[in-house]
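Worth saying up front: this structure is predicted, and the values here are computed from it rather than measured. We count ligands from 1, going down the list as the structure has it; atoms in each ligand are counted the same way.
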Amino acid sequence: MKTEIDYSVYLVTARGLLPEGKDYLESLEESLQGGVTVVQLREKTTDTGEFIQVAQSTKDICDKYNVPLLINDRIDVALAIDCAGVHVGQSDAPLSIARKLLGDEKVIGVSAGNIEQAINAQNGGADYIGIGAVYGTQTKDVTNKIMGTPGARSILAALDPQSPIKTVVIGGIKSENLLRVLNGVHEKDTKRYLDGVAVVSEIVSSKNPREAASNLSHLIKSFRESEKIKYHSASYDVDSIVQEAWRIINAIPEQHPLIQQMANIVTANDQANATLALGASPVMAAVVGDQKDLNPHIGALLINMGTVSEEQKQAMLVGGRYSNLNKKPLIFDPVALGATSFRKQTGQELLNHWAPTVIKGNAAEIGALSGLTEVATKGVDSVGPGFKNPVTVVKSLANRERCIVVMTGKDDYISDGERTVKISNGHSLLGQITGSGCVTGTAIATCCAVSSMTTEDMNEDGKLSRGDHFMAAIAGVLALEIAAEIASKRDDVRGPNTFRSAWIDEMSKLNEINLKKLSCVTLT
Ligand SMILES: Nc1ncnc2c1ncn2[C@@H]1O[C@H](COP(=O)(O)OP(=O)(O)OP(=O)(O)O)[C@@H](O)[C@H]1O
Ligand SMILES: Cc1ncsc1CCO
């Protein structure tokens, strides 16, 4: 009978990476005690005789914990010790030969670096594919082969939904980026989720492999658990949404979160003043050296690509990673993403490195991120009336990136992939000043920080950040648009610039009565 494998915590051995003084078998046994669920023995330069010996002693320990063992590349070694199966790379024995030699009772896994290789493995009857390299690694030269979470996700999406093939990802996966990987590599439409993650150095190089494996195992279990729990409040109706939005807006001064913003040089000042007007505290910090020290103290990080430079991009990569690591809401404003290939590549690179909590953009920006050409870009602006079917656009991007998507315009659309609302507030004067979208990002970041600080979350370990950020995004948009409506009616507003000042004034005076009276939220 073929061995049933739980691929959750898939250890790939690497004797060369053991810490000084740590015995291989002792490390292996500790990692099994910590929760490794399957082991692949990988020996690249060992002679056959020694390989068989190491494989046998590895199998003896695995057997003790009832954990299946796979052998990398060497079908003869797998046959010699009669273990669960093999893992073959693209330059090893072809799958068809491996199957012929091993028979149907053995597990065969195949490395897949692209869609074609994955489909071939699936059609050729592989039991699982190892998708990678997701990130760079010290165990293999994978330069030019790094696919990031979007690349791994596209492979998952290409598999036949009916196929029983299992999937694990490999390449630079550590506890630090595990939630980001699990969050990013999934295919909701075909209901494909990862069966596991393959880890090498985090376990093998550790002086305490038991703890390292146990930590990874806990994160995977927590993630799977948190996937089952949605925030859907008992009553999902317009009144409850507006009530929750007010709760968040009203709590800003009391929580007084620090909102870090990597802003553009055009609108940074308005963003900082809007943060203060809402009752929070701004800090504009966009160099690499600031990120590590600052991140533990912030309520949220807003990354705005408005005038992104090579230097700022490095800070964005690092700051975003710290935000995921420290569970801080991360708001991404892909300003003018579709306008140049540099911006497109930058946006892609950022999304390869971290997972945003909210993506906010105008129709052209959301369209460019989604790979759609229906709405054109003119510099930082969106041209024309927007998408014919905006709900589908925000929903599918929210599902693809597994985050909240806010698409601004005359009407705003906000989606978490399941719930989508339309907000029809605001004023046309917002379209006549620069940075109204950037300031909307500030308000969303502020409300996400408050949501994160004030939401009880029973399953925090499995999430990239705590809080219901769908509600927070709605609160941020409502706060700014209702302040804009009130400002537009003031006698002292005589045009765009007086409106801009009045708008910031009104952000500091929002009250429950106005919010409830003026909110125009529709469930779609
Ligand atoms: N005609 C309008 N009527 C009502 N609200 C509007 C109108 N135009 C824009 N807004 C509001 O202004 C805010 C910014 O949206 P917009 O789509 O203009 O952003 P943007 O293009 O990213 O702006 P910028 O690049 O100047 O920062 C949103 O809250 C949006 O709802
Ligand atoms: C005008 C402009 N150019 C780059 S960023 C920015 C502010 C509005 O997005």
Does Arg343 offer a backbone N or O that forms a donor-acceptor pair with the side chain of Thr340 under 3.5 Å?
yes

Ion pair Asp416/Arg419, N-O distance below 4.0 Å:
yes

Out of Gly409, Gly386, Ser436, whose heavy atom is nearest to atom 10 (N) of ligand 1?
Gly409

Between ligand 1 and Thr434, can you find any atom pair, the residue atom being a heavy atom, that is separated by under 4.0 Å?
yes

Atom CD of Glu374 with >12 non-hydrogen neighbours under 6.0 angstrom
yes

Salt bridge Lys221-Glu225, side-chain N to carboxylate O under 4.0 Å
no

Of the listed options Glu481, His427, Met407, Gln432, closest to atom 3 (N) of ligand 1 (non-hydrogen atoms)
His427

Residue Lys410 excluded, over 12 heavy atoms near NZ under 6.0 Å:
no

Any non-hydrogen atom of Asp412 lying under 4.0 Å from ligand 1?
yes

Min N/O separation Gly426 to ligand 1 under 3.5 Å:
no

Identity and distance of the protein heavy atom lying nearest atom 27 (O) of ligand 1:
Gly437 N, 2.9 Å

Please work out whether any backbone atom (N, CA, C, O) or any side-chain heavy atom from C-beta onward of Asn425 is under 4.0 Å from ligand 1, and answer side chain, backbone, both or neither.
backbone

Assess the side chains of Asp411 and Ser424: does a donor N or O sit below 3.5 Å from an acceptor N or O?
yes

Measure Cys438 to ligand 2 on non-hydrogen atoms and call it side chain, backbone, both or neither using the 4.0 Å cut-off.
side chain

Near Thr440 (heavy-atom distance under 4.0 Å), the atoms of ligand 1 are 13 (C), 28 (C), 29 (O)

Could you identify the single nearest non-hydrogen protein atom to atom 6 (C) of ligand 2 and state the distance to 0.1 Å?
Val266 CG2, 3.7 Å

Filtering Leu480, Val380, Leu430 for the heavy atom nearest atom 12 (O) of ligand 1 leaves Leu430

Within 6.0 angstrom of Lys378 NZ, more than 12 heavy atoms from elsewhere:
no

